[in-house]
Number of protein chains: 2
Amino acid sequence: MLAAWRELNAAHARILDALEHALQERHRLSVSEYEVLQRLAEAPEHKRRMQELADDAHLSQSALSRLVGRLETAGYVDRCICDYDRRGIWAELTDAGRAAQVEAEPTHRQVLAATL
Amino acid sequence: MLAAWRELNAAHARILDALEHALQERHRLSVSEYEVLQRLAEAPEHKRRMQELADDAHLSQSALSRLVGRLETAGYVDRCICDYDRRGIWAELTDAGRAAQVEAEPTHRQVLAATL
DNA sequence: GAGCATTATATGCACATGCAAGGATTGCGC
DNA sequence: GCGCAATCCTTGCATGTGCATATAATGCTC
């Protein structure tokens with residue numbers, strides 16, 4: 001039980017480290033940032049609610065809010081208000097954001113292939 | 001490949017969160033802090049070099065240095081200089097530290113049993 | 001043994017994260 | 001329609017983390 005947890009932890013740390021360094025070095029993206037771009041790329045209309053993204057990325061609301069803020073500053077994402085529930089916010093991938101995700105995808109895939 | 005990584009990530013996040021909250025609530029310890037106490041408890045003479053502990057906990061040197069600083073402040077660990085290599089530092093579990101680890105162990109085990 | 005690269009740890013700094021609180025909107029009960 | 005709890009997001013704050021650097025000790029080369 002303890003051994004299994006330690007193995008899981010070790011594998012996670014190893015892969016995350018490799019991803020983090022490769023994505024940062026080659027694309028100036030953190031793993032969480034790339035993960036959000038990827039989820040948006042998969043989503044219908046390239047849109048997703050903030051709370052859904054937080055769940056996807058295993059982040060708190062506040063952490064995700066600031067992460068999307070960074071992506072917005074970078075021009076990768078637009079925030080727009082949900083029509084039928086004005087509390088909600090859609091994060092929507094821009095063309096530049098989609099391009100960045102497409103560019104980073106091979107790196108992501110290669111690192112997984114090498115470490116998983 | 002991607003799916004496997006996402007599953008690994010999800011499992012890790014779920015278990016880590018549960019451990020973090022339980023250990024914090026019941027014993028005022030973070031997961032990394034408990035992990036270090038546990039490794040020290042397992043070690044011969046309850047002693048271990050800083051670098052080894054950093055590897056155990058998957059932390060950077062600096063993060064581990066400060067973590068041991070916190071454990072020292074709490075009275076759970078002593079730092080002592082290595083005789084035959086005066087650059088090296090042993091972190092040594094105190095009686096209070098050992099007691100804290102023994103007290104927290106059931107929590108750790110229960111959470112793993114419930115989530116793993 | 002003098003100089004220099006290497007190893008082991010600590011610290012200044014920047015930053016991402018979580019928690020708690022705030023502000024806005026919705027929906028439910030009456 | 002009014003009040004009030006619940007939901008969705010943002011922000012102030014404290015803190016843990018990594019990177020780069022500083023300090024100290026070792027060992028290697030000549």
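Quantities reported herein were computed from a predicted structural model and do not represent experimental measurements. Note on naming: letters A, B, ... go to the chains in the order of the sequence lines (proteins, then strands), and numbering restarts at 1 for each one. Below, each value reflects all heavy atoms present in this structure, side chains not excepted, and no hydrogens, waters or symmetry copies.
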- Short side-chain N/O contact from Ser32(B) to OP1 or OP2 of dT17(D), under 4.0 Å: yes
- Task: Remember a base hit wins even if backbone is also touched, and classify Arg66(A) as base, sugar-phosphate or nothing at under 4.0 Å, heavy atoms.
- Result: base
- Does the side chain of Arg6(A) pick up a donor-acceptor pair with the side chain of Gln38(B) at under 3.5 Å? yes
- Task: Answer yes or no: does a side-chain N or O of His58(A) lie under 4.0 Å from OP1 or OP2 of dG18(C)?
- Result: no
- Task: Measure from the side-chain heavy atoms of Arg70(B) and tell me the nearest of dG16(D), dC9(D), dA10(C).
- Result: dG16(D)
- Please determine, for the side chain of Arg87(A), which listed nucleotide (dC19(D), dA10(C), dT7(D)) has the closest atom? dT7(D)
- Item | Residue whose nearest DNA chain C nucleotide is more 5′ - Ser60(A) or Tyr84(A) | Ser60(A)
- Message: Please report whether the ring centroid of Tyr34(B) lies less than 6.0 Å from that of His27(B).
- Response: no
- Query: Taking CG from Leu53(B) and P from dA8(C), how many angstroms apart are they, rounded to a whole number?
  - Reply: 14 Å
- Atom CZ of Arg28(A) and atom C1' of dC15(C): how far apart are they, to the nearest Å? 15 Å
- Message: Any donor-acceptor pair under 3.5 Å linking the side-chain atoms of Asn9(B) with those of His12(A)?
- Response: yes
- Message: Given dC9(D), dA10(C), dT17(D), identify the nucleotide with an atom nearest to the side chain of Gln61(A).
- Response: dC9(D)
- Could you give the CG-to-C1' distance, from Leu16(A) to dT17(C), as a whole number of Å? 14 Å
- Query: Quick one: Gln24(A) CD to dT17(D) C1', roughly how many Å, whole number?
  - Reply: 14 Å
- Is any N or O donor-acceptor pair between the side chain of Ser62(B) and the base of dC19(D) shorter than 3.5 Å? yes
- Closest to the side chain of Ala63(A), out of dG18(C), dC8(D), dA10(C), is dG18(C)
- Would you indicate which nucleotide in dC9(D), dA10(C), dC19(C) comes nearest to any side-chain atom of Arg49(A)? dC9(D)
- Does Arg86(B) put a side-chain nitrogen or oxygen below 4.0 Å from OP1 or OP2 of dT9(C)? no
- Given that Asp83(A) and Glu33(A) both sit by DNA chain C, which one's nearest nucleotide is further toward the 5' end? Glu33(A)
- Message: Taking CZ in Arg86(A) as the centre, count heavy atoms belonging to other residues, nucleotides or ligands within less than 6.0 Å. Is the count above 12?
- Response: no
- Proximal nucleotide (of dT11(C), dC9(D), dA16(C)) relative to the Gln51(A) side chain: dC9(D)
- Message: Output the rounded distance in Å from CG (Leu67(B)) to C1' (dT11(C)).
- Response: 16 Å
- Leu8(B), Leu116(B): one ILVMFWY side-chain cluster at the under-4.5 Å cut-off? yes
- Please give, in whole Å, the distance from dG16(D) P to Leu71(B) CG? 11 Å
- Query: In terms of side-chain heavy atoms of Asp85(A), which of dA10(C), dG18(D), dC8(D) is nearest?
  - Reply: dC8(D)
- Item | Interatomic distance, Glu35(B) CD vs dG16(D) P [rounded to whole Å] | 17 Å
- Query: What integer distance in Å separates Leu64(B):CG from dG16(D):C1'?
  - Reply: 12 Å
- Among the nucleotides dA10(C), dT17(D), dT17(C), which one has an atom lying closest to any side-chain atom of Met50(B)? dA10(C)
- Message: Classify Ser30(A) by what it touches in the nucleic acid, base, sugar-phosphate, or nothing, heavy-atom distance under 4.0 Å.
- Response: nothing
- Query: For His21(A) and Arg79(A), take the nucleotide of DNA chain D holding the closest heavy atom to each; which residue's nucleotide lies nearer the 5' end?
  - Reply: Arg79(A)
- Applying salt bridge (Lys or Arg N to Asp or Glu O under 4.0 Å) between Glu33(B) and each of Arg28(B), Arg66(B), Arg70(B), report the one that passes. Arg70(B)
